[in-house]
Chemist: 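Below you will find the structure I want to go over with you.
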Protein chains: 2
Amino acid sequence: MSENRIRILLVDDHAVMRAGLANMLNANPAFRVIAEAGDGATAITLFRQHLPDVVLMDVIMPGQDGIQTLHVLREHFPAARVLMLTSSEMEDDIIRSIKAGASGYITKAALPAELAAAIKTIHAGGRVIGPVIERILAQQACGIQVTQRELEVLALLRKGLSNADIGEMLDITPRTAKAHVAALLVKLEAADRAEAVARGFERGLLKP
Amino acid sequence: MSENRIRILLVDDHAVMRAGLANMLNANPAFRVIAEAGDGATAITLFRQHLPDVVLMDVIMPGQDGIQTLHVLREHFPAARVLMLTSSEMEDDIIRSIKAGASGYITKAALPAELAAAIKTIHAGGRVIGPVIERILAQQACGIQVTQRELEVLALLRKGLSNADIGEMLDITPRTAKAHVAALLVKLEAADRAEAVARGFERGLLKP
DNA sequence: ACCGCTATTGGCCGAACGGACAATACCAAT
DNA sequence: ATTGGTATTGTCCGTTCGGCCAATAGCGGT
């Protein structure tokens, strides 16, 4: 009968969380955790070995994070069904996860029953977007998005670099660096570079 | 026989995590989860009702966070044994937890066996500090600490306020605000207010 | 081919920043 | 009582910032 169970691969750097999830899911006759990974590379390997029905993936992981892993995974296995399960509600993480081909995104604050339902939906080929997530997606859709270049500049702002320094780092004139900073201030609705950095952290554009 | 089990109160806003932990701990004959709380207020109430041997508390919670809850709990029940179990490795959270009277602090990246051992140690009256945590505490001990006033200023820097604005908000001259900012730059080893904000987030002085 | 977005660069200017030097007042600890 | 840390305030000055004007080049989509 266990052949009918939904075979799950857990990916989370928190061993406690993995163990807890495994216990919980295995207690449900509909599921069976067939493998666990503590990092992205292991996740890829285990997926190849076990070809699970659904992957439960944490976004935040040291080294290769969940979204990067998701990218690699979908390259090799476009049909892979991945449910991002995370404590992070960073807008950017959500957007990037969906873009990277996640079948769903729910937070760890979800009730176990919701998680179970989500896994079943994913397995059936559906998509799962939590209520909080939907709201964020909606407001992001109409919002302006930060370009790759601006993201690089933001990362340098975080390090306390001046426009001149940024220009040197990116091999552009200080004037151009200034233009990027100005664009960031507008897009992030920040009064100065300090607030821009703060907004960067709030939006998940910058990681602690 | 269940009378000999260590009675545990779980406090975590993530239902999935609670369920997982409960499953895992209850599978161990040494433990018994006797109650779960999803927020600080509930945690206090449940503690009073059940008087658990050990409290497993998450630091990050919406509303009253784990550290605030810990404060309140220790006021009413100075003998309460609390193990902070969190994914956060923010220096400031750790320092404040220990100061608030936590008996231990370990991350969710710990192995289940480590968690079990930690709970037993706590229950026996000992203290548990993870290896990563110890390192952070050590470097913090010799490091300079940010004052309350500077913390207020940092919070305003984050909002993009100028020295003049900060002065108005705190009812001090712009010059004094500038002095606090200067102190922050030195203590946080930041080149400008933008980097100071970044360091604030990295150290957990600022929350997303 | 044309349009929109991005990246790039320039000059000008007032306001803000950050460093350096120095001083006073308060409070807690020794 | 003296010491040390914190908070407070001051002036001077060179550097940097951020806003405003405008322009060119490239790239992808209609």
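In this text, all values refer to a predicted model and were calculated from it rather than measured experimentally. Each chain gets a letter, A, B and so on, in the order its sequence line appears, and its residues count up from 1.
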Chemist: Out of B/Lys178, B/Gln148, B/Arg193, B/His180, which one pairs with B/Val153 under the side chain to side chain contact (heavy atoms under 4.5 Å, CB included) rule?
Modeler: B/His180
Chemist: Atom CD of A/Glu195 to atom C1' of C/dA16: distance rounded to whole Å?
Modeler: 16 Å
Chemist: Output the rounded distance in Å from CG (B/Leu151) to P (D/dT6).
Modeler: 14 Å
Chemist: Using a cut-off of less than 4.0 Å, is there contact between a side-chain N or O of A/Asn163 and OP1 or OP2 of D/dT16?
Modeler: no
Chemist: B/Glu150 has an atom CD; how far is it from atom P of D/dT6, in whole Å?
Modeler: 7 Å
Chemist: Between D/dG5 atom C1' and B/Gln148 atom CD, what is the distance in whole Å?
Modeler: 16 Å
Chemist: Is the distance from OP1 or OP2 of C/dA16 to the nearest side-chain N or O of B/Ser162 less than 4.0 Å?
Modeler: no
Chemist: For the pair B/Thr176 (side chain) and B/Ile172 (backbone), establish whether a donor and an acceptor sit closer than 3.5 Å, ignoring hydrogens and angles.
Modeler: no
Chemist: Just verifying a value: how many Å separate B/Leu185 CG and B/Leu157 CG, rounded to the nearest 0.5 Å?
Modeler: 8.0 Å
Chemist: Taking the inter-plane angle between the rings of A/Phe47 and A/Phe77 on a 0 to 90° scale, is it parallel (under 30°), tilted (30 to 60°) or perpendicular (over 60°)?
Modeler: tilted
Chemist: Below the 4.0 Å mark, does D/dC17 have OP1 or OP2 next to a side-chain nitrogen or oxygen of A/Arg193?
Modeler: yes
Chemist: Return yes if a side-chain donor-acceptor contact under 3.5 Å exists between A/Thr45 and A/Thr42, otherwise no.
Modeler: no
Chemist: Let me spell it out: for each of B/Asp192 and B/Ala177, pick the nucleotide of DNA chain D with the closest heavy atom. Which residue's pick is nearer the 5' end?
Modeler: B/Ala177
Chemist: At under 4.0 Å between heavy atoms, what does A/Arg175 touch on the DNA or RNA strands: base, sugar-phosphate, or nothing?
Modeler: base
Chemist: Write down the distance between CG (B/Leu154) and P (D/dA7), rounded to a whole number of angstrom.
Modeler: 14 Å
Chemist: Could you work out which one of D/dG18, C/dA7, D/dT9 sits closest to the side chain of B/Thr173?
Modeler: D/dT9
Chemist: Is the distance from OP1 or OP2 of D/dT6 to the nearest side-chain N or O of B/Thr147 less than 4.0 Å?
Modeler: no
Chemist: For B/Lys178 and C/dA15, what is the distance between atoms NZ and P respectively, to the nearest whole Å?
Modeler: 16 Å
Chemist: Can you measure A/Leu161 atom CG to C/dG18 atom P for me and round it to whole angstrom units?
Modeler: 14 Å
Chemist: Would you say D/dT9 has OP1 or OP2 under 4.0 Å from some side-chain N or O of B/Thr176?
Modeler: yes
Chemist: Return the value, rounded to whole Å, for the distance between atom CD of A/Glu168 and atom C1' of C/dT9.
Modeler: 17 Å
Chemist: Does a side-chain N or O from A/His180 land closer than 4.0 Å to OP1 or OP2 of C/dT6, or not?
Modeler: no
Chemist: Counting any heavy atom closer than 4.0 Å, what does B/Ala179 reach on the DNA or RNA strands: base, sugar-phosphate only, or nothing?
Modeler: base
